[in-house]
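See below for the structure under consideration.
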Amino acid sequence: MEKYLQNQVIEAIAVILNRVKESGELRLDTIPTVVVEPPKRPEWGDFSSSVAMTLASHVRQPPLKVAELLATGLRVQYADVFVSVNVAPPGFLNLTLHPLRWVQVLRMIQDRGPLYGTSNIGKRKRILLEFVSANPTGPLHVGHGRGAALGQALARLLASVGFMVSREFYINDAGRQLQLLGRSVYARYREHWEKPTSFPEDGYHGDYIKIVAESVAKTHGPSLLDASLDEAETLCAQLASQMLLDRIKEDLATFGVEFDSWFSEKCLHTAGLIQQSLDELRQKRLLIEENGAWWFRSSEFGDEKDRVAQKQDGSYTYLAADIAYHRQKLERGFDTLINIWGADHHGYIPRMEATVQAFGFAKEALRIVLVQMVSLRRGGQKIEMSKRAGEFVTLREVIDEVGPDAAKFFFLMRRADTHLDFDLELAKQQSSDNPVYYVQYAHARLASLFRVAQERQVPLPTVQGVDQALLIQDEELGLIKTLAQYPFVVESSAMALEPHRVTFYLQELAAQLHAYYNKNRVLPSVDPERNAGDMGANIKSGASENTAALSQERIYESIPPDLTAARLALLRQVQTVIGNGLAILGISAPDKM
RNA sequence: GCGCCUGUAGCUCAGUGGAUAGAGCACUUGCCUCCGGAGCAAGGGGCCACAGGUUCAAAUCCUGUCAGGCGCACCA
């Protein structure tokens with residue numbers, strides 16, 4: 001595969017570094033990793049490197065001198081690559097490529113299409129990405145939505161840089177919460193049959209519990225009233241959790257979030273995996289008895305204190321199940337486990353890191369992404385939610401109101417570890433205020449351009465088939481440079497587990513596209529007289545003040561066929577990249593809106 | 001009390017140790033006889049919470065202080 005321009009530049013610098021090392025001009029033990037990036041200001045060149053400054057102290061020479069040494073080498077050996085190699089204080093190496101080099105980028109996008117931006121830096125290592133994992137005790141709320149959007153984007157990101165990603169939903173279908181669900185539903189069930197009942201103090205209060213209870217009443221009639229309390233509640237818990245899980249699956253499907261596996265906590269118990277895991281820890285003396293309870297010695301691995309895994313009464317804590325679950329995940333052969341958790345679970349991290357290490361894996365085998373809370377707003381007004389009273393805005397309601405695309409985009413607009421203000425009013429708006437439409441519109445606008453081109457029988461050329469000189473004028477070059485950055489955005493975004501970088505990139509690219517498109521006509525005018533292109537050629541309305549005749553009526557730019565061809569070829573690649581980026585976020589790239 | 005996250009423009013937020021800190025919204029002023037105006041151009045707005053330190057170089061790393069959020073169970 002052809003190398004990215006940026007990497008070609010890095011290699012060139014490395015070659016020169018190697019040469020000055022061999023020649024003894026710089027006393028280097030090893031060649032350092034060369035960092036090259038586009039500078040903040042375009043006038044500084046296409047790429048900048050700070051390598052001379054990081055090197056300066058090692059070789060005991062002033063940075064400017066080191067930079068100058070490298071610059072000289074680059075000028076001589078890579079005269080065909082760079083138009084200019086400059087040194088700027090305090091020691092920056094500023095490089096400008098020969099403009100024609102940039103055409104490579106367009107060719108690569110054209111060749112790779114939807115694969116542009118993918119790579120194999122993940123080396124097919126296996127990742128288990130666990131996210132959402134909501135208790136089947138109620139519908140998904142907005143917070144789960146953020147986790148879901150983040151998870152699916154992360155899965156695509158990691159897959160696109162060459163990891164083998166498996167997406168898993170851990171179902172908490174055992175334990176106290178489920179018991180509470182059963183009791184809550186059974187209480188409502190009794191109310192349905194007008195039997196005396198007291199609603200559990202810490203039970204689930206949401207209206208959906210009544211709906212579930214009604215449904216149980218319908219399918220089972222009054223038969224549960226005769227059963228023992230324990231039996232009835234267990235059955236209610238089972239029926240309710242199944243119904244609620246189905247509902248969760250439905251909501252996720254509507255949201256466009258898929259999983260490869262659904263892992264049931266219950267099966268950890270029934271398969272004896274918890275017992276097994278604890279036995280193994282006991283053997284390693286990492287599980288010890290004290291005051292009748294069994295303690296996991298997580299403090300051995302940096303947790304602030306040890307934690308109970310098996311209670312005095314012999315029952316397991318939630319931690320025990322999680323220990324077994326994580327051991328089981330590691331034993332399935334994954335190289336890395338990634339968990340997406342709500343930020344309120346952060347205190348739990350040291351425990352799980354200890355677990356991973358207790359079973360002989362590196363601490364780094366587990367990466368946890370914390371997701372901060374979402375506050376919903378409606379036109380600036382905060383929507384209060386109370387879990388206690390069962391009043392919270394569900395993910396379903398949000399999707400129904402703003403649509404899955406806008407919801408995903410908004411969830412992915414912010415870094416995961418900052419609070420998110422989600423304005424429903426804004427997300428719903430179909431205007432430039434709404435960043436989702438802004439990006440999607442860029443894609444649709446280009447699709448429309450190509451539709452019209454086809455209607456008018458303007459041929460759609462390949463990058464190779466157009467006059468390259470027309471592709472590399474300032475404005476075009478600006479777009480191309482942004483397109484060239486895309487693979488690096490994907491890569492850094494994936495490695496940092498931060499999909500929001502892609503979101504920002506897309507807004508930037510869309511803005512650049514809109515600006516370009518607004519300024520530059522692509523297709524020739526339909527009116528042949530307008531396109532005659534005599535003296536009025538290339539003069540636009542704004543520049544016509546000095547000519548009385550021209551100020552009266554707008555003069556249209558005439559577009560020669562080769563310019564149309566070049567611009568079409570360029571814009572096709574822009575459309576591809578916008579499409580690829582949206583695909584990673586799991587957002588549709590419409591041809592019409 | 002201890003721990004984690006966050007303090008950047010009026011608001012919501014970007015900003016992989018690098019050069020003169022950015023975007024959107026809001027506000028002001030302009031731009032459609034043509035490829036989608038769901039668009040574009042221009043303008044004002046900053047002690048990067050504060051104080052020290054590390055470094056050739058700090059919004060970014062370290063320490064402390066202050067402010068906000070969230071956790072600190074033999075709950076899940």
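Labels below follow one simple rule: chain letters A, B, ... track the order of the sequence lines, proteins then strands, and each chain is numbered from 1.
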Which of B:A19, B:A76, B:C13 is nearest the side chain of A:N94? It is B:A19

Report which part of the nucleic acid A:P90 touches: base, sugar-phosphate, or nothing (heavy-atom distance under 4.0 Å, all strands).
base

What one should report as the nearest heavy-atom pair of A:A416 and A:R146 is O-NH2, 3.5 Å

Atom OH of A:Y441 and atom C1' of B:G39 are separated, to the nearest Å, by 5 Å

Within the 4.0 Å heavy-atom criterion, would you say A:S133 contacts the bases, only the backbone, or no part of the nucleic acid? nothing

task: Could you work out the separation of B:C48 and B:U6 based on their C1' atoms and round it to a whole Å?
output: 14 Å

Under 4.0 Å, heavy atoms only, any strand: does A:V452 hit a base, just the sugar-phosphate, or nothing?
sugar-phosphate

Comparing nearest nucleotides in RNA chain B, the 5'-proximal residue of the pair A:F450, A:A510 is A:F450

**Prompt:** Does any N or O donor sit under 3.5 Å from an N or O acceptor when you compare the side chain of A:R501 with the base of B:U16?
**Reply:** no

Between CG of A:L268 and C1' of B:A76 the distance, given in whole Å, is 15 Å

Between B:G39 and A:Y517, is there a base-stacking contact, meaning the centre of the base's six-membered ring lies under 5.5 Å from the residue's ring centre while the planes stay under 30° apart? no

request  = Report the relative orientation of the aromatic rings in A:Y316 and A:H269; use parallel for angles under 30°, tilted for 30 to 60°, perpendicular for over 60°.
outcome  = tilted

Whole-Å distance, A:M373 CE to B:C5 C1', equals 12 Å

* Asked: Would you call the rings of A:H345 and A:Y348 parallel, tilted or perpendicular if under 30° counts as parallel and over 60° as perpendicular?
  -> perpendicular

Taking B:U8 as the reference, what is the distance to B:A23 when you measure between their C1' atoms (whole Å, please)? 13 Å

Could one point to a donor on the side chain of A:H345 or the base of B:G71 with an acceptor on the other under 3.5 Å away? no

CE (A:M373) and CG (A:D344) are apart, to the nearest 0.5 Å, by 5.5 Å

The nucleotide from B:G18, B:C2, B:G22 with an atom nearest the side chain of A:E304 is B:C2

### Message
Between the base of B:A57 and the side chain of A:S50, is one N or O donor paired with an acceptor at under 3.5 angstrom?
### Response
no

Winner on side-chain proximity to A:Q312, out of B:C74, B:U16, B:U6, is B:C74

Ranking B:A76, B:C72, B:A19 by distance to the side chain of A:S48, first place goes to B:A19

Does B:A19 have OP1 or OP2 sitting under 4.0 Å from an N or O in the side chain of A:K40?
yes

Check every strand shown and say whether A:W294 touches a base, only sugar-phosphate, or nothing at a heavy-atom separation below 4.0 Å. nothing

Heavy atoms only, 4.0 Å cut-off, all strands: where does A:T418 land among base, sugar-phosphate and nothing? sugar-phosphate

field: Inter-nucleotide C1' distance (B:G7, B:A51), Å rounded
entry: 16 Å

Closest to the side chain of A:V522, out of B:C56, B:A76, B:C35, is B:C35

**Asked** If you measure from the C1' atom in B:A41 to the same atom in B:C32, how many Å do you get, rounded?
**Response** 14 Å

Taken to the nearest whole Å, OH/A:Y438 to C1'/B:G37 is 12 Å

Worksheet item: Is there a side-chain contact between A:Q507 and A:F409, using heavy atoms and a 4.5 Å cut-off?
Response: yes

In whole angstroms, the gap separating P of B:C13 from CG of A:L412 amounts to 15 Å

**Prompt:** Which part of the nucleic acid, if any, lies within contact of A:D421, taking any heavy atom under 4.0 Å across all strands shown: a base, the sugar-phosphate backbone alone, or nothing?
**Reply:** sugar-phosphate

Answer yes or no for A:R351 and A:F296: cation-pi contact, defined as NZ/CZ to six-membered ring centre under 6.0 Å and angle to ring axis within 45°. no

Checking N1-N3 plus N6-O4 or O6-N4 for Watson-Crick, or N1-O2 and O6-N3 for wobble, each under 3.5 Å, the partner of B:C48 is none

In Watson-Crick or G-U wobble terms, with both distances under 3.5 Å, the base opposite B:C32 is none

Here the gap from A:N172 atom CG to A:Y325 atom OH, rounded to the nearest 0.5 Å, amounts to 9.5 Å

So, does A:Y325 get its side chain near the phosphate of B:A76, meaning an N or O under 4.0 Å from OP1 or OP2?
no

For nucleotides B:G53 and B:G10, find the distance between their P atoms and express it as a whole number of Å.
-> 29 Å

The nucleotide from B:G15, B:A76, B:C35 with an atom nearest the side chain of A:H500 is B:G15

Can you say whether the rings of A:Y441 and A:H514 are parallel (under 30°), tilted (30 to 60°) or perpendicular (over 60°)? parallel

Classified by glycosidic angle (syn within 90° of 0, else anti), B:C25 comes out anti

From the candidates B:C70, B:C75, B:C35, the one with an atom nearest any side-chain atom of A:D344 is B:C70

Whole-Å C1' distance, B:G18 and B:A58 = 9 Å

Any N or O donor-acceptor pair under 3.5 Å from the base of B:C70 to the side chain of A:H346? yes

Pairing partner of B:C61, by Watson-Crick or G-U wobble and under 3.5 Å for both distances, is B:G53

ask   = Which part of the nucleic acid does A:F504 contact within heavy-atom distance under 4.0 Å: base, sugar-phosphate only, or nothing?
value = sugar-phosphate

When rounded to whole Å, the CZ to P distance for the pair A:R567 and B:C35 reads 16 Å

To the nearest angstrom, the CZ-C1' distance between A:R414 and B:C11 comes to 11 Å

Heavy atoms of A:K428 and A:N434 approach each other most closely as N-ND2, 4.2 Å

Taking a pair to mean Watson-Crick or G-U wobble geometry with both distances below 3.5 Å, B:G3 pairs with B:C70

Per atom distances to the A:R445 side chain, the nearest of B:G39, B:C74, B:C70 is B:G39

| said: When the P atoms of B:A59 and B:C50 are compared, how many Å lie between them, rounded to an integer? | reply: 11 Å

Under 4.0 Å, heavy atoms only, any strand: does A:N135 hit a base, just the sugar-phosphate, or nothing? sugar-phosphate

Rounded to whole Å, the NZ-P distance (A:K311 to B:A76) equals 5 Å

- Message: Would you say A:R41 places a side-chain N or O within less than 4.0 Å of OP1 or OP2 belonging to B:G18?
- Response: no

Classify A:E37 by what it touches in the nucleic acid, base, sugar-phosphate, or nothing, heavy-atom distance under 4.0 Å.
base

When A:L420 and A:L370 are each assigned the nearest nucleotide of RNA chain B, the 5'-most assignment goes to A:L370

When both distances are under 3.5 Å in a Watson-Crick or G-U wobble arrangement, the nucleotide paired with B:A23 is B:U12

Rounded to the nearest 0.5 angstrom, the CG-CZ distance for A:L506 and A:R501 is 14.5 Å

Please report the distance separating the C1' of B:U20 from the corresponding atom of B:A57, rounded so that it comes out in whole Å.
15 Å

* Asked: Within the structure shown, what part of the strands sits under 4.0 Å from A:A56 by heavy-atom distance: base, sugar-phosphate, or nothing?
  -> nothing

